[in-house]
Amino acid sequence: MAELPLDPLQRPLPDGIVPEPVVIRTEAHWVMIMVAMLVVMMAVIVVTGVTGALHPASNVEPIDPQTLHLGGEFAESNLGTALEPDGSMTVRLIAVQYDFVPHCVRVPADTPVKFRLTSADVVHGFLLPGTNVNAMVVPGFVAEVRTRFAQAGEYEMPCHEFCGLGHHAMWAHVSVVPKDRFPAQSPLERTHCATQ
Ligand code: CUA
């Protein structure tokens, strides 16, 4: 039987034990991989945020949820779709247990659309499947998201934050019409999708 060295550091390691330099090297590799993943994820957040493909919660715009109906931006007459001087659209909605007001809005395709929402009661969610629109609607704040609908069609708009017993039934609609058909829409059609 071979003699073991007296110095314990000189003895061979038992089976299954990895030498320290290998451990250090492996850990360093993994740290580099983690740092690279963090850099890539931060870059994705910054690029998608700057290009408007994603909406990081950025604009802190407080509003008093108890006086929404008394006047100001979210008074009833201001809700729905409004045409801006530059040709873009602004859609104002109030989320309330358990509906969006108005329940349906109409916008033109291939046009910049800015949604501005606030809540009258609890936290709701605002999601347009197939688009970049996904926001929390928090009472006391205005949520603002921008998008552009490439194609005409009907978009369902579910609330996706649990807001109470009626949460599952809280849906609204965005009706996107071809750009050349929008000017012919009456005000009631634009803001409520109502036919006159
Ligand atoms: Cu509103 Cu869920």
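For ligands, and for the atoms within them, numbers begin at 1 and follow the listed sequence.
Using modelled atom types, no side-chain atom of H173 and backbone atom of H103 make a donor-acceptor pair closer than 3.5 Å. When atom types are taken as modelled, the side chain of T118 and the backbone of F141 share a donor-acceptor pair closer than 3.5 angstrom.
No salt bridge links K114 with E84; every basic N to acidic carboxylate O contact stays at or beyond 4.0 Å.
Two different hydrophobic clusters hold L93 and L127 under the rule that ILVMFWY side chains link at heavy-atom gaps under 4.5 Å.
Rounded to 10°, the angle formed at atom 2 (Cu) of ligand 1 by C159 SG and H167 ND1 is 120°.
Taking 2.8 Å as the criterion, M170 counts as a coordinating residue of atom 1 (Cu) of ligand 1, since one of its N, O or S atoms falls below it.
Looking only at N/O/S atoms, H124 comes nearest to atom 1 (Cu) of ligand 1 through ND1. Within E161, the N/O/S atom positioned nearest atom 2 (Cu) of ligand 1 carries the name O.
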